[in-house]
Number of protein chains: 2
Amino acid sequence: MNQVQLAKQLKVSCESCSLSELCLPRGLTSIEMTQLDDHIERPRKLEASSLIYQPGDKFFGFYAVRSGGVKTYLTKKTGEQQILGFHLPGEIFGLDGIEHNSHRCYASTMDNTSYCAIPFEKLDELCGVLPDLRTQVYKLLGHEINCDHSHQLLLGQQTAHERLATFLLSISSRFKHRGFSATSFMLPMSRHDIACFLGIAVETVSRLFKSFQQQGIVKINRKQVDILDMNLLNGLVANCEETDS
Amino acid sequence: MNQVQLAKQLKVSCESCSLSELCLPRGLTSIEMTQLDDHIERPRKLEASSLIYQPGDKFFGFYAVRSGGVKTYLTKKTGEQQILGFHLPGEIFGLDGIEHNSHRCYASTMDNTSYCAIPFEKLDELCGVLPDLRTQVYKLLGHEINCDHSHQLLLGQQTAHERLATFLLSISSRFKHRGFSATSFMLPMSRHDIACFLGIAVETVSRLFKSFQQQGIVKINRKQVDILDMNLLNGLVANCEETDS
DNA sequence: AAGTGCAAATGACATGGGTCAAGTGTATAA
DNA sequence: TTATACACTTGACCCATGTCATTTGCACTT
């Protein structure tokens, strides 16, 4: 136990990380967390628009964003990209590498970003002896699956208005979850990325942001978003989602 | 080992199942398979258009289709549904229940269907002692995630033509994988379901099927599909997917 | 403070595919 | 064999959104 305390002094640890309640170690005991901790590589730092991995790259493990932001995406040969997810601090990415032990999509930073790397091999070993960690990993994968499903509903059945409103609400609730304002925040991604994520054109994003502003729902200046009427915003998607969160 | 043989005589077992190479037990040793086998409930049988579970239902575990077919879907309050996946014999569904220990989507049969039920609690326990099974479960979840990602690319970036062609190719390759013809098969789902899955209108499905026929790519009669020119069909999506399979 | 480079916004126009409304099988029942 | 129902097809029309071309406006140099 003494060397554990020593280790904690020498490097950033999960236990001392302000994001641990959102991240992989959530719900683990201190001892369990330390066992996990010992295998985590950190912190890796990259500047904006750096590629973290691309299709075919060997699967190392999961990545947890500490600061900044990451997007994952697939592309058509013709170049169009479909953004699969935006990953904010405390969120995990890299799960696309599990199936084939190599990645299927691209991951790149949207901003100066630091993140932790959790080697899958070690994680799997620990899962053999720590049932709580195993559960945590299942829930993580299950969460990704459910998010993907909601996004399929959005891409397949929602109008452009509904998509953009849903998007703003999602970002808002994620900021809130991390302890920030739910109504005033900076978008970490470009208009282009928003469009690629929602399956619409950049121009449509611009026009709808303008329209939302004219309706008094939000105030948007460059990347700064202020939600003026959360009820109205919710109303834009009220007829969309069958289930509550 | 004797009681194992006895058990095999008394009930359908994974080891005797023709689908085991496609299903959860793939890659397990005989002994491992038997351990898993002992906890599987089977066979459950339902007629066409029966609801298996719906949002809010308690999560029991994974389900493996033995015969027939199952669709999973989400709905908007206004009634439109987005089909998330079609599940053919040998394929697994039910993963949407992991995150919250309750299901988030609907699952219903498309035809007279029988399936096995694998209780998650037991599966998880076994995962603690059988690393191969644990890997198998991760790959299963990883596979679902990758499929969902491809489908997001389809819904977000592909034209109606490309979507329908991709769909036919997917069904074709899944029949082939199960040892059936890749070029001549019966679609297990309605036009309506195809449309809901691809995020387009039923009428568009009809028109495109007609157009594909006129181009000599396929011959379609009701649910019977004959792919006449696989190259042409591949050509319709050639510019879409960046990565190979 | 003027210059350069992008991201974003705006306007004009085009169109893929949705919607609506009939029609046409095909299968089951009587 | 006729009736009924339902899945599918077809045609006419139109609109939400995409595309293309231009303009605006930050941010960062020098």
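In what follows, chains carry the letters A, B, and so on, assigned in the order in which the sequence lines appear, proteins first and then strands, with residues in each chain numbered from 1.
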Exercise. So, does the side chain of E203(A) form a donor-acceptor pair with the base of dC20(D) at under 3.5 Å?
Worked result: yes

Exercise. Atom CD of E80(B) and atom P of dG17(C): how far apart are they, to the nearest Å?
Worked result: 19 Å

Problem set entry | N or O in side chain of T204(A) less than 4.0 angstrom from dG18(D) OP1/OP2 | yes

Exercise. Mapping G199(A) and K210(B) to their closest nucleotides on DNA chain D, which lands nearer the 5' end?
Worked result: K210(B)

For this session: Kindly say whether R104(A) contributes a backbone atom to a donor-acceptor pair with the side chain of D96(A) at under 3.5 angstrom?
Result: yes

Exercise. Hey, does S206(A) reach any base, or is it just sugar-phosphate, or nothing, if we go heavy atoms under 4.0 Å?
Worked result: base

Problem set entry | L208(B) CG - dT10(D) P separation (whole Å) | 12 Å

For this session: For the residue pair M230(B) and T183(B), establish whether any side-chain heavy-atom pair is separated by less than 4.5 Å.
Result: yes

Problem set entry | N or O in side chain of H161(A) less than 4.0 angstrom from dA16(D) OP1/OP2 | no

For this session: Starting from P on dA7(D), measure out to CZ on F209(B) and report it in whole angstrom.
Result: 16 Å

For this session: Please lay out, stage by stage, how L95(A) and L141(A) fare under the test side-chain contact (heavy atoms from CB on, under 4.5 Å).
Result: CA-CA 8 Å; L95(A) 317 186; L141(A) 296 171; 3.9 Å; yes

Exercise. So, does the side chain of R207(A) form a donor-acceptor pair with the base of dG11(C) at under 3.5 Å?
Worked result: yes

Problem set entry | Q158(A) CD to dA16(D) P, straight-line distance once rounded to whole Å | 17 Å

For this session: Check whether any side-chain N or O of S172(A) sits under 3.5 Å from a backbone N or O of L168(A) as a donor-acceptor pair, and report yes or no.
Result: no

Exercise. Within the structure, does a side-chain N or O atom of R222(B) lie under 4.0 Å from either OP1 or OP2 of dT26(C)?
Worked result: no

Problem set entry | Between P of dA7(C) and CE of M110(A), the distance in whole Å | 15 Å

Exercise. Just how far, in rounded Å, is P of dG17(C) from CG of L198(B)?
Worked result: 12 Å

Exercise. Does a donor on one side chain and an acceptor on the other come within less than 3.5 Å for T109(B) and E47(B)?
Worked result: no

Problem set entry | Atom-to-atom span, CG of D193(A) to C1' of dC6(C) - whole angstrom | 14 Å

For this session: Hey, which sits more toward the 5' end of DNA chain D by its nearest nucleotide, H192(B) or A160(A)?
Result: H192(B)

Exercise. Just how far, in rounded Å, is P of dT10(D) from CD of Q213(B)?
Worked result: 9 Å

